[in-house]
Each structure stands twice: as C-alpha cells, then as structure tokens.
Student: 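What follows is a single structure, and I will ask about it in a moment.
When a ligand or atom number is given, it counts from 1 through the structure's own listing order. This is a predicted model, so every value here is computed, not measured.
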Amino acid sequence: MKITFLGSGTSAGVPSIGCKCDVCCSGDPKNIRLRSSILIEHNNNNILVDTTTDLRMQVLANDVKNINAVLYTHAHADHIHGIDELRSFNYIQKQRIPCYGSKETIDKIRNMFSYIFSNDDEEMTREFRPMLDINIISSPFTLFDLKITPIKIFHGKMEIIGYRFDDVAYITDCSYIPEESMKALKGLDILILDALRFNPHPTHFSLDQAVEVARELKTKRAIFTHLTHHFDYNKVNEELPDNMELAYDGMVINI
Ligand SMILES: [Zn+2]
Ligand SMILES: [Zn+2]
Ligand SMILES: [Zn+2]
C-alpha cells in the first residue's frame, strides 16, 4: 500500500487568503497546505479519501491518472467541494466511480450537488456531471482486497467517520474518539490524525490532544494533518516526539 498526502491543510488552506503571517509568507513548500485528503494506492487501484476544494490541483501535482473509488469522511465544504473534478476520471476511465460514506454524509452530498444525482435537467448530459455510484456504509467492507473499517468519531457534536485500512488509520476532523473506536484503533502501525493548531478548538484536536491520543493508542508512528498556518513545519516538526511528525503536501508513505 502506498499513501500520498494530497493535502494537509485546514479548511481555509495555507497560505490563508489575505494573511501576512510568517508561515503564510515563508515560501517553504512544507508550509503550503491544500485541503486535507489522502490517496491510497493498493493492488494498482487508487482510493481517494474526500474530494477537496483543491482536487484538480492535487491530482495534477501528484500525477494521479485514475481514481477507482472515493471514500467520504463527512460533508463539510473542504472535504467535498471538488466532487465535480471526478468527471475527468469518468471520461478517462470510461466508467462510473463508486463512492462510499455514512448515510448522513451521502444525504448531504445528494442535497448539495443535486445536479449530479437528478435526471430532471435534460441539458445536463453525461459529460457535464460526474457519474457516481453511491454506497452507504456502516460496517467493515473490502475494496480491491483491502479491508476498510469505518471508525465512528466526533467532529464537535457531529458524528462522522474515519477509516482504518489494515494497520493504518486516517482520522481527520476529529475532536473526540469514543471508547469503542479507540479499541478499534489498537495495534496501528500508522495513525494519521487531525491536529488543527496549538490552541484548543471546539471541533478539532489541538496538537497536544493529538499527541496524547497517539500516546494512548501506542501507535508506532503518528502523522498529524488538517493543519493551520499556526504551524511552521520545520520548527514544530522538530519538537515533536520521535515517532510523531507533521504531514506535508506530497508526503508519501510506502507500507
Ligand atoms: Zn476539514
Ligand atoms: Zn497566515
Ligand atoms: Zn469538517
């Protein structure tokens, strides 16, 4: 399995529009963060987690030639607003793309992008909208021989899902992990976890909270994502415990 970080940034992205802070102005490529998403390559298939606002730039930057399935964590704008870019992959692959998510997430996506799912508009022929097959998931399933387990987590008061892929987990947009989900995250080789900023936030883990969760889970390696402009990559990364690090756009892990 190969994991590529297509984006490691929070909802506003880094640099943030109009911001003149040291991180936004640093020019360091590791301080340039598109919206959070990963691509998992397994058995020659590409599984995309979330279709961010930046999806077009992300697939161009990482030379992604096909997308065989999409997993959704939740329906906030930064995780879904690139959905229309899937059209290009329908065109290249000449097939529909299966998408997976909780019932709540899928219902919201259907409402927000009704043009994709409605047959009412006759001018909206095939090439003008993504051709997607929607799947509602609530329990473990297998895609391309990879076992995928949805993990129930909380993003403020909203229940959303993270995913476990064998011994790797991707938990973004999270402020609380219930006990049963902590159990389901035992024995990980790699935990990719939300760590928004230094200060506490109502709907995301702070860096200290994320470090604490990684310690509690005794995960071998923790990688923090969904990062704001408060983190200068080099400074913050250096101070983290040995088995923990910040994600950056384009980071690749081979497992
Ligand atoms: Zn987000
Ligand atoms: Zn800034
Ligand atoms: Zn969110």
Student: If only side-chain N and O atoms count, and only distance matters, is there a donor-acceptor pair under 3.5 Å linking T73 with Y163?
Tutor: no

Student: Would D84 and Y115 count as having a side-chain donor-acceptor pair, cut-off 3.5 Å?
Tutor: yes

Student: Which atom, counting only N, O or S, brings H74 closest to the Zn ion (ligand 3)?
Tutor: NE2

Student: State, without any angle test, whether Q58 and S37 hold a side-chain donor-acceptor pair at a distance under 3.5 Å.
Tutor: no

Student: I'd like the atom name of the N/O/S atom in H229 lying closest to the Zn ion (ligand 2).
Tutor: ND1

Student: Taking the basic N atoms (NZ, or NE/NH1/NH2) and the acidic carboxylate oxygens, is any pair closer than 4.0 Å for E104 and K108?
Tutor: yes

Student: Is a side-chain donor-acceptor pair under 3.5 Å present for T53 with D78?
Tutor: no

Student: Counting backbone and side-chain atoms alike, is an N, O or S atom of D173 positioned under 2.8 Å from the Zn ion (ligand 3)?
Tutor: yes

Student: Distance check below 2.8 Å: does H79 bring an N, O or S atom to the Zn ion (ligand 3)?
Tutor: no

Student: Provide the atom name of the closest N, O or S atom of H76 relative to the Zn ion (ligand 3).
Tutor: ND1

Student: Please note down the angle at the Zn ion (ligand 2) between SG of C19 and SG of C24, to the nearest 10°.
Tutor: 120°

Student: Which N, O or S atom name in D78 marks its closest approach to the Zn ion (ligand 1)?
Tutor: OD2

Student: Regarding N31 and S26, is there a side-chain donor-to-acceptor distance under 3.5 Å anywhere?
Tutor: yes

